[in-house]
There are 2 protein chains.
Amino acid sequence: MKIGELAKRSGCSIQTIRYYEKEGLISAPERTEGNFRLYNSVVLEKLSFIKNCRALDLTLSEIKHLVSLQNSPETPCEAVNEMIDTHLLVVESRIEDLQKLHGDLKQLRLKCGNARSVDQCGILGELLPKPERSPSGTRK
Amino acid sequence: MKIGELAKRSGCSIQTIRYYEKEGLISAPERTEGNFRLYNSVVLEKLSFIKNCRALDLTLSEIKHLVSLQNSPETPCEAVNEMIDTHLLVVESRIEDLQKLHGDLKQLRLKCGNARSVDQCGILGELLPKPERSPSGTRK
DNA sequence: TGTAAACTCTGTAGTAACTATAGAGTCAAG
DNA sequence: CTTGACTCTATAGTTACTACAGAGTTTACA
Ligand SMILES: [Zn+2]
Ligand SMILES: [Zn+2]
Ligand SMILES: [Zn+2]
Ligand SMILES: [Zn+2]
C-alpha cells in the first residue's frame, strides 16, 4: 500500500508518517519505480504502537528507546519499568502544578469584584507587583 | 540600569527580556551612546506582571491583551473575566487529560509481571496493537 | 491517446516561548 | 592601554508535528 492508504488505515497523517521515518521510528520502506513509498501491513502495528505510546504522552525519544528494546528481546526489562516510573513522576508533578494553578486562577477570578472598568478591576490589580501608591510620585 | 542588572533584579534572563521587547510586551527602552539598553525601575513592575501571568500559564498573547487593557483603563473589565474563565476551562481540561493518563500509566506499569527480559514484559506487550498470531500468516 | 485529477515526492517554513550560541562592539579597572 | 566583563544583533535549536511550494507519477475517463 502507498502512504495515503497507510495514513487512512493508521490514523496518522502522511506528513507524520514521513516524519517518523526521518526520525528513525519506523524504517524506510521499499519504493516503487516511481519512487513512491510502498508499505506492507507490518508497519501498521508499528504505527499503532507509536500511537499508543503517544497517547500516554511518551516522547518520541522515549518511544525510540522502547522500539530499540523490542529489537533486543533478551535485555532485562528494568529499563522499561524505569521509563514508565519516571514518566509517572513527570505526569504527577504536572498534575500538581496544574492544580495549584487552578486554585490560583480561581482565587484571582474572585478578585474582580463588580468592577465595571478595567482600572477598578481587582484582577489586574492583583497581577501587578504591589500597588503601593508611591507617597511622592516623581515620575520622569 | 543596564540589561544585566535588570535580569538579576527581575529574575528574567537577558534573552527573555530582549524577547519580550521584540514581541511588544515591554516597550523599547532608551539607549546609551554605545547602544546599550537603559532601563528605569518601572520596567521591573511590568516584568513582574508578566511573570505573575506566566506563572498562571497565560500565553504571551493573552498577556499582551491584558497589557493593552491596562492601557485603556475605561474599558469594561468583562474581557479580563472572560480570559480568566476561558483559561480556567483550559487548565481544567488539561488536568482531566493528565489524570486519565496517570491512570493509564499506573495500569500499564502493573503489566510487567515479574518478567526478566523485554520479550516477556507485559508492558511492551500491552503497547502492541494485538498479538493475535495470524492463523495463516501469508506475508509478502 | 490525450489529459486532467489525484496522488506522491523533497525541501522548507511555521508553531510557543524561550535558550544558546557566534562574532562584533562597548565599557570599567588596573 | 590592555584585559575582562558586559552588551549588541542575528541566527539556530528545542518538540512533534502541520502546511505549504513546486515538481514528478499514476489513474481514470473521454
Ligand atoms: Zn517521559
Ligand atoms: Zn473585573
Ligand atoms: Zn489561556
Ligand atoms: Zn517488564
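All chains are named by letter (A, B, ...) in the order of the sequence lines, taking the proteins before the strands, and each is independently numbered beginning at 1.
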With heavy-atom distances below 4.5 Å as the criterion, would you say the side chains of A/Glu126 and B/Asn52 are in contact?
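Answer no - side chains too far apart.
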
Are B/Asp97 and A/Asp57 close enough that some pair of their side-chain heavy atoms sits under 4.5 Å apart?
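Side-chain contact under 4.5 Å: no.
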
Any B/Arg31 side-chain nitrogen or oxygen under 4.0 Å from OP1 or OP2 of D/dT9:
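For B/Arg31, the contact criterion (side-chain N or O under 4.0 Å from OP1 or OP2 of D/dT9) is met.
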
By nearest nucleotide on DNA chain D, pick out whichever of A/Thr59 and B/Gly4 is the more 5' one.
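Closer to the 5' end of DNA chain D: B/Gly4.
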
Please report, rounded to the nearest Å, how far the [atom2] atom of [N] is from the [atom1] atom of [X].
X       : N      : atom1 : atom2 : result
A/Glu5  : C/dC7  : CD    : P     : 12 Å
B/Lys64 : C/dA17 : NZ    : C1'   : 13 Å
B/Lys22 : D/dA12 : NZ    : P     : 13 Å
A/Leu6  : C/dT8  : CG    : P     : 10 Å
A/Leu58 : D/dT15 : CG    : P     : 15 Å
B/Tyr39 : D/dT7  : OH    : P     : 10 Å
B/Ile17 : D/dC6  : CD1   : C1'   : 14 Å
A/Glu21 : C/dG11 : CD    : P     : 12 Å

Within the 4.0 Å limit for protein heavy atoms, which parts of nucleotides 18-30 of chain C are touched? Write it as a string from 5' to 3', B for base, S for sugar-phosphate only, - for none.
BBB----BSS---

Should B/Leu44 and B/Leu38 be counted in the same cluster of Ile, Leu, Val, Met, Phe, Trp and Tyr side chains packed under 4.5 Å apart?
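Unlinked, B/Leu44 and B/Leu38 end up in two clusters.
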
Inter- and intrachain pairs under salt bridge (charged side-chain N to carboxylate O under 4.0 Å, His left out), touching residues 66-78 of chain A, at least two apart:
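Salt bridge (charged side-chain N to carboxylate O under 4.0 Å, His left out) check on residues 66-78 of chain A returns no pairs.
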
Please answer whether the main-chain N or O of B/Glu82 pairs with a side-chain N or O of B/Thr86 as donor and acceptor at a distance below 3.5 Å.
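The answer is yes, because a donor-acceptor pair under 3.5 Å joins these two groups.
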
Report, as yes or no, whether the 6.0 Å neighbourhood of atom CD on A/Glu5 holds more than 12 heavy atoms from other residues, nucleotides or ligands.
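Yes, CD of A/Glu5 has more than 12 neighbouring heavy atoms, counting only those of other groups under 6.0 Å.
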
